Each structure stands twice: as structure tokens, then as C-alpha cells.
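When a residue number appears, it is its place in the shown sequence, counting from 1. Note that this is a predicted model, so its numbers are computed, not measured.
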Amino acid sequence: KKVIYGIFPLKIANRAVRELRFIHQVFGGFIIGKLLDSLIIGILCFCGMSLMKLPYVMLVSVIVGVTNVIPFFGPFIGAIPSAFFILLVNPLQCLYFIIFVLLLQQFDGPKILGDSTGISSFGVLFSILLFGGLFGFVGMIIGVPTFAVLYNLGKDGVEHFLRKKGLSCNTQDYAEL
């Protein structure tokens, strides 16, 4: 903050600090929330697999939990090799595992991510695909909070120009034009 206030005029420095706080809030909340969510999914996977007496309980639970950090596609990325491991032991148990993972993933999804970041489910999916395509694995992880920050900056910019022109910032006012 000292450097920002030393280099920039007060109005710009205040705006920069406010935006940096927002970025910290979005990224911090997203990453902590996603890690906690992944831990819960991993534990639920462990408990469910233990109750069903499936093989490789610990290995599969760790794979499912770790890959769950990747929004939307992660659970399926982790389920594919895990299902293969179980398939090698018992094909019927593999089918049970696939059904279990599909049910387990109903606790997760883009709606939850959208609610925590302020973007729509479409925005979540779009950001994962875009940033994943551009930056690979890391892009899939940081895509949602990055898109949320960029979306907020764009929205603030548009609303600034609307206020400057004396126009309404309410989206519904433009629906019927």
C-alpha cells in the first residue's frame, strides 16, 4: 500500500487498493473454499467406498479429492483412472464406483462456484474452458476467480461510463430497448 500511495495520486491509489482487496477476497475465498470442498469430497469418497468394500479405497479417494480442485471437469478427470484401477480387480465394482462418483458429484458443480464468485454457471464453464485451453492445468484452477475479477472490472468500467453520461446502471432498464 505504501508504494501505491507513494507513486499514484490519492484517488487512483484508493481505487487500486480497493480493487486489490477485491482480488484478494475472490481468489482467497475461491481457493480456500475449493480446497475445503475437495477435502470433503475426498472424505465422502473414502467413507462411501469403504462401506461398499471397493478396492484401493485410499488411493482412489486421494485421486478424486485432489482432482476435484479443478472446477467442473476435475471429478471426472480423477474418476477415469480410478475406475480403471477398480476395473482391473472387479468389473461389477467398477460399475458401482462409477454410479457412486456420479452421485457424489451432485454435491458439487458450477452453480456453487458461480454463487461464491458472482458469475453465472455459463461464466464458470466458459472460464474453465478458456483458461484451461490457454494455460492448461493451472488455467483450469485459476480460470474461475480470474474471470470473476475481469468480469467485475469490466462491469465497474461500464457502470462508470453510464454514470458519467447520467444513464441508469440497472440492467433491467435496458432489457426493453
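In the hydrophobic cluster analysis, where Ile, Leu, Val, Met, Phe, Trp and Tyr join through side-chain heavy atoms closer than 4.5 angstrom, L130 is grouped together with F122.
The shortest heavy-atom contact between A148 and I119 is CA-CG2, 4.0 Å. The two atoms that bring L104 and C45 nearest to each other are CD2-CB, 3.8 Å, heavy atoms only. Smallest separation of non-hydrogen atoms from K1 and V17: CG-CG2, 4.1 Å. Across all non-hydrogen atoms, the minimal contact from V89 to Y56 is CG2-CE1, 3.6 Å. G132 and M140 make their closest contact through CA-CG, 3.6 Å (heavy atoms, listed as atom of the first residue, atom of the second, distance).
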Discussion item. Let's go through F131 and F147 carefully: what are the C-alpha distance in whole Å and the side-chain angles of both, what is the deciding distance for ring pair (Phe, Tyr, Trp, His ring centres under 6.0 Å) to 0.1 Å, and is it a yes or a no?
Written reply: CA-CA 9 Å; F131 286 91; F147 184 76; 7.2 Å; no

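Side chains of Y5 and N14: a donor on one and an acceptor on the other come within 3.5 Å.
Side-chain atoms of Q93 come within 3.5 Å of backbone atoms of K53 as a donor-acceptor pair (strictly under, hydrogens ignored). Between the side chain of Q106 and the backbone N or O of L102 there is at least one donor-acceptor pair closer than 3.5 Å.
Heavy atoms of other residues, nucleotides or ligands lying less than 6.0 angstrom from CZ of F137 number 12 at most. Annotation: F27, atom CZ; neighbour count of heavy atoms from other residues, nucleotides and ligands within 6.0 Å is above 12.
The shortest side-chain heavy-atom distance between V144 and K34 does not fall under the 4.5 Å cut-off.
Between F100 and F97, the two ring planes are tilted [angle within 30° to 60°].
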